[in-house]
Amino acid sequence: MTDAKMVLMANQIASFFETQPGDQVAGVAVHLKDFWEPRMISQLKTYLGQGGEGLHALVVEAGQAL
Amino acid sequence: MKDFIIPWETGTGVYDDVDRGTPAKTGKPVTLTIDGMEITVPEGTSVMRAASELGIQVPKLCATDSLEAFGSCRLCAVEIEGRRGTPTSCTTPVHAGMKVHTQTEKLRKLRKGVMELYISDHPLDCLTCAANGDCELQDMAGAVGLRDVRYEAPKSGVLANHFEARNTSGEANPEWLPKDDSNPYFTYDPSKCIVCNRCVRACEEVQGTFALTIEGRGFDSRVAVGAENFLASDCVSCGACVQACPTATLQEKSVIEMGTPDRSVVTTCAYCGVGCSFKAEMQGDQLVRMVPYKHGKANRGHSCVKGRFAYGYATHKDRILHPMIRDSIDLPWREVSWDEALSFAAKKLVGLQEKYGQKSIGVITSSRCTNEETYLVQKLTRAVFGNNNTDTCARVCHSPTGYGLGQTFGTSAGTQDFDSVEKSDVVMVIGANPTDGHPVFASRLRKRLRQGAKLIVVDPRRIDLLETPHLGEAHHLALRPGTNVAVVSAIAHVIVTEGLYDPTFIAERCDLDAWEDYKAFISDERHAPEATEALTGVPALTLREAARAFAQGGNGAIYYGLGVTEHSQGSTTVMAIANLAMMTSNIGREGVGVNPLRGQNNVQGSCDMGSFPHELPGYRHVKLPEVRRIFEDTWGVALDPEPGLRIPNMLDAAVDGTFKGLYCQGEDILQSDPDTKHVAAGLAAMECVIVHDLFLNETANYAHVFLPGSSFLEKDGTFTNAERRINRVRKVMAPKNGYEDWQVTQMLANAVLKETGGKPWNYTHPAEIMAEIAATTPSFAGVDYALLEEKGSVQWPCNEDHPDGTPLMHVDGFVRGKGRFIVTEYIATDEKSGPRFPLLLTTGRILSQYNVGAQTRRTENVVWHDQDVLEIHPHDAENRGLRDGDWVRLASRSGETSLRAKITDRVSPGVVYTTFHHPDTQANVITTDYSDWATNCPEYKVTAVQVSPSNGPSEWQERYIAQAEQSRRIEAAE
């Protein structure tokens with residue numbers, strides 16, 4: 001998938017958890033781990049390693065936990 | 001038609017099918033005596049039904065037990081001690097101590113006289129009549145001992161009957177009307193009509209369309225359709241009138257052509273998620289007709305045009321009956337033996353895994369196949385391919401239901417049975433069009449609406465439910481596409497801020513911390529309808545009135561469809577709906593609940609069976625070692641603990657070059673999934689696409705292996721409908737392709753296992769597969785075929801705690817323990833209208849067609865809908881210089897197509913609507929790849945588009961049609 005699409009999808013998840021009470025970073029991380037296939041997670045990690053431009057702050061933080 | 005002439009077999013699921021004349025009642029017991037025998041029945045029962053339960057069939061013509069008593073034919077007259085006259089037994093309720101006589105000299109004489117009059121105006125062509133042997137008039141003539149008809153045409157030549165076209169002088173009989181054969185499935189022959197009114201009452205009471213009436217009085221009375229003929233009328237061809245007709249007046253064309261059936265097998269419809277039970281009535285292995293089964297608990301004897309009549313696809317000439325292979329998709333297909341096709345496929349799949357890795361291949365299970373077949377397909381990828389790359393078409397319809405209800409209630413399913421709607425006082429329908437998508441449920445809902453239940457519709461379009469005859473209070477919240485969360489949250493805001501919620505239920509049944517968070521969130525003024533009005537397009541007062549009606553109206557039930565789920569916030573809307581039900585205590589009893597209307601017959605089942613890449617059967621995440629162990633022990637292999645690819649992810653990975661092989665059973669992703677060009681690119685990038693289907697569908701244009709499938713008539717198994725009801729599918733004929741679909745999957749698995757040295761599968765019947773499902777999946781632990789034979793059907797959970805199944809969920813507590821309120825902030829979709837694409841497109845279904853149309857386009861249903869059209873508001877049409885019927889170009893940022901315009905105010909200004917039943921239109925060329933945040937369910941329901949005049953099909957459409965033709969070439973067998 002294109003990085004742009006991946007950023008969009010990850011940010012959508014973050015936008016939901018951003019509105020939720022409780023640990024928002026954990027919410028994003030758990031959702032990604034539960035629903036994203038390893039090669040998608042791997043793409044996200046690589047992208048984060050390259051600076052993670054455009055990623056929601058919650059995704060950046062959650063990325064550390066993946 | 002009458003039921004008791006057909007000899008029922010045992011072991012085919014058919015229960016007592018006697019027509020007891022009037023509907024069953026509930027009430028305190030009443031004991032009476034009929035013909036000297038005592039019987040106890042519920043209060044309100046008719047004397048006719050009480051007699052029938054004693055085994056005494058009182059002669060009748062205008063009565064049938066699907067309809068309330070009418071009392072017009074007078075044939076069912078009885079004598080009651082202490083009462084004067086001869087009351088009709090159908091309209092006379094029982095009372096305690098009543099002494100009834102059904103056979104006396106007086107009654108015999110009376111009935112004979114009645115029958116003599118009926119027969120005097122009826123053609124005596126019984127031997128050549130289509131209803132011969134299946135005609136209640138014929139039977140009643142015999143039952144009353146009619147031997148003579150004294151009334152003859154006068155010698156003057158002036159006829160006074162309805163059945164002779166010409167009088168004895170050769171002059172036309174003005175009373176005679178020709179047969180109406182305009183409907184593709186049944187005929188109306190006025191000359192055989194006895195004006196019993198059963199058809200008219202069936203159309204009103206059972207179907208709720210009110211298309212039929214009786215015009216004229218006395219001798220001039222006739223059934224009329226208010227139009228030139230049946231086809232041009234409001235008739236929706238549900239078949240209720242044909243079912244009710246006691247003569248050959250309304251008769252299936254298939255019976256006219258083939259004759260009456262000689263055996264009957266109960267099975268389950270293969271169309272929508274209502275899951276109607278039908279009797280497949282047969283002559284040998286030929287299907288004569290499908291008749292709705294009155295003991296079917298989802299449909300209670302009713303049907304729609306698809307299930308009742310549109311089964312012709314099963315024998316359509318387009319069916320592919322032999323396996324085919326080709327090395328590349330630009331080559332013609334080559335018919336080969338099963339062994340060669342399976343070996344070819346297995347070698348390719350194993351080769352791909354060797355070259356590109358274990359996770360480079362996967363499967364798509366089908367919501368049109370049985371539970372047992374679906375279970376095997378997901379097992380194929382988990383246990384044989386060694387990965388979790390399995391997904392199903394629920395991805396593109398109800399995956400947000402799974403996520404949303406799982407998060408709030410703890411389980412991914414509707415909470416009620418369909419009978420529940422009979423106890424509802426206010427019904428909210430959100431993003432669903434039941435009269436078209438789930439017609440039999442719609443009829444049951446309409447019946448309740450006629451009885452006074454209130455209706456709230458949340459939909460951008462004025463759906464037909466709002467046009468229900470005799471509808472009482474109704475609210476239409478015609479929102480802008482994409483604003484569901486804002487509207488449902490505004491309803492919740494009104495309920496919370498006006499104090500209309502149920503604090504007791506919340507305190508007892510829900511997580512209070514989550515409630516307090518939610519209450520603070522939803523009480524904020526930004527959710528007030530006055531604040532959201534500009535965004536949603538729903539006037540604040542309209543919304544407030546609807547919210548109050550829902551919260552204060554008694555039993556409130558919510559039914560929703562893909563207009564909820566197929567959005568970027570699909571899962572959030574599902575959670576918002578669950579919040580509404582919890583705050584108003586509309587959960588855990590009859591008449592209430594949250595009810596997803598499932599699109600296809602086995603969407604529920606395919607989800608239950610572990611089709612999703614992150615879940616094993618029974619909605620248990622693959623990450624859980626204790627769950628994996630159950631399956632590892634059963635299957636004898638280690639399982640992948642990480643989630644697999646969802647359908648959109650598979651296509652993305654294919655374009656990226658990491659996903660190379662797909663086994664796709666009974667789904668046409670090229671036509672049904674969004675952004676067709678992207679789907680095509682994904683499929684084209686794969687090196688082995690295996691399509692297992694009845695037809696060379698659009699996806700097969702990109703396939704290398706075609707495995708022919710079997711129709712629902714050709715296999716055993718089970719379907720699970722939207723109310724979690726597990727219904728049997730029974731084989732009524734041998735598979736035309738040679739194998740049932742579960743056998744094909746098993747053969748494919750074994751071909752792969754032969755390559756890899758694994759132990760082969762050896763199921764010999766779907767009952768063995770169900771036994772494995774029951775052994776591994778707690779909610780199915782009590783399900784087996786013997787139980788289904790005994791009970792007809794059962795709703796899961798069915799296990800030690802619920803041996804008879806579970807009609808209502810969350811009765812004493814939620815599956816997750818405490819119900820969880822979830823904050824539902826509205827977040828606008830990224831798909832926005834603007835100067836380039838100023839209109840919003842939303843898509844849906846029409847009654848006569850089903851999904852991608854692969855089945856219904858191959859039936860006579862095309863007479864009602866032979867092409868997709870674009871509904872556009874008169875203002876938007878005028879701005880563009882469009883006239884009704886014009887070709888228009890429909891364009892989005894994804895692509896463009898052309899179709900004809902239909903100008904209508906059913907859609908609001910700024911909104912356009914079309915269906916996706918026809919591949920030549922390819923509505924999904926237009927839809928985008930935006931999707932639900934939680935599940936990747938595509939956002940079909942919101943696409944920014946422009947509409948402009950056009951001369952005809954676009955260049956892309958012409959190219960597509962040419963490519964499809966090219967890819968369907970089959971090399972002549974040597």
Side-chain angles (χ1 to χ4, degrees), chain A, chain B residues 357 359-360 362 387-389 391 399 403 407 485 513-514 516-518 520-521 568-569 571-572 575 612-615 621-623 640-646 648-656 658-659 678 682 821-830 929-936 939:
Chain A
M1 121 179 90
T2 63
D3 284 339
K5 187 171 175 183
M6 179 198 64
V7 170
L8 177 77
M9 281 167 51
N11 287 354
Q12 276 185 292
I13 294 166
S15 298
F16 173 79
F17 285 101
E18 188 181 21
T19 67
Q20 300 300 305
D23 188 342
Q24 298 169 342
V25 175
V28 175
V30 169
H31 192 89
L32 288 171
K33 269 198 280 195
D34 280 355
F35 295 98
W36 279 31
E37 202 256 3
R39 78 193 83 177
M40 297 163 70
I41 298 277
S42 163
Q43 185 181 354
L44 176 62
K45 282 182 172 171
T46 306
Y47 188 76
L48 275 166
Q50 293 162 353
E53 190 187 342
L55 281 173
H56 193 289
L58 285 176
V59 180
V60 175
E61 262 195 89
Q64 315 306 319
L66 294 174
Chain B
K359 299 192 179 189
S360 63
N387 63 48
N388 287 315
N389 291 333
D391 209 0
S399 52
Y403 183 80
Q407 292 290 314
V485 170
D513 289 341
E516 290 303 332
D517 285 337
Y518 177 78
F521 157 79
S568 63
Q569 277 201 292
S571 291
T572 314
M575 293 187 274
F612 288 140
H614 65 289
E615 284 172 340
H621 203 283
V622 293
K623 70 183 175 187
D640 182 357
E642 290 175 314
L645 294 166
R646 301 170 287 198
N649 311 145
M650 289 179 191
L651 295 165
D652 286 334
V655 171
D656 291 346
T658 64
F659 188 80
H678 180 62
F821 284 91
I822 296 182
V823 167
T824 53
E825 189 73 72
Y826 169 70
I827 298 169
T829 172
D830 289 311
D929 64 355
Y930 285 139
S931 64
D932 173 48
W933 68 268
T935 65
N936 264 171
E939 190 170 46

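Reminder, nothing fancy here: chain letters follow the sequence lines and each chain counts from 1.
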| message | Would A:H31 and B:Y403 count as a side chain to side chain contact (heavy atoms under 4.5 Å, CB included) here? Give the steps. | response | CA-CA 11 Å; A:H31 192 89; B:Y403 183 80; 3.6 Å; yes

| request: Assess whether side chain to side chain contact (heavy atoms under 4.5 Å, CB included) is satisfied between B:W933 and A:F17, documenting all intermediate values. | output: CA-CA 10 Å; B:W933 68 268; A:F17 285 101; 3.8 Å; yes

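Here the closest non-hydrogen pair linking A:Q20 and B:V823 is NE2-O, 2.8 Å. Residue B:P643 comes nearest to A:P38 through the heavy atom pair O-CD, 3.4 Å, listed as atom of the first residue, atom of the second, then distance. In plain terms, the two heavy atoms of B:F659 and A:R39 that are nearest each other are N-NH1, 4.0 Å. Of all heavy-atom pairs spanning A:F16 and B:T572, the tightest one is CD1-OG1, 4.0 Å. Residues A:Q12 and B:S568 approach most closely at NE2-CB, 3.6 Å, considering heavy atoms.
Most heavy-atom pairs under 4.5 Å with chain A, from the set B:L645, B:L651, B:D517: that is B:L645. Among B:A514, B:S571, B:G644, B:S931, the residue making the largest number of heavy-atom pairs under 4.5 Å with chain A is B:G644.
How far CG of A:D34 is from CD of B:E642: 11.5 Å, rounded to the nearest 0.5 Å. The structure places CE of A:M40 at 3.5 Å from CG of B:N649, a figure rounded to the nearest 0.5 Å. Atom OG1 in A:T2 sits 8.5 Å away from atom CG in B:D656 (nearest 0.5 Å). Going from atom CG of B:D640 over to atom CD of A:E37 covers 8.0 Å, rounded to the nearest 0.5 Å.
If you measure heavy-atom distances from B:N389 to chain A, the contacts under 4.5 Å come from the side chain alone. Proximity to chain B is limited to the side chain of A:L8, based on heavy atoms less than 4.5 angstrom apart. Neither the backbone nor the side chain of B:Y518 comes within less than 4.5 Å of any heavy atom in chain A. Within the 4.5 angstrom heavy-atom criterion, no atom of B:D513 approaches chain A. Proximity to chain A (any heavy atom under 4.5 Å) is shown, for B:M650, by neither the backbone nor the side chain. Proximity to chain A (any heavy atom under 4.5 Å) is restricted, for B:D830, to the side chain, taken from C-beta onward.
Counted within 6.0 Å of CD on A:Q50, heavy atoms from surrounding residues, nucleotides or ligands total more than 12; the atom is thus considered enclosed. Within a 6.0 Å radius of NZ in A:K5, other residues, nucleotides and ligands contribute more than 12 heavy atoms.
Side-chain atoms of B:R646 do not come within 3.5 Å of backbone N or O of A:W36 as any donor-acceptor pair.
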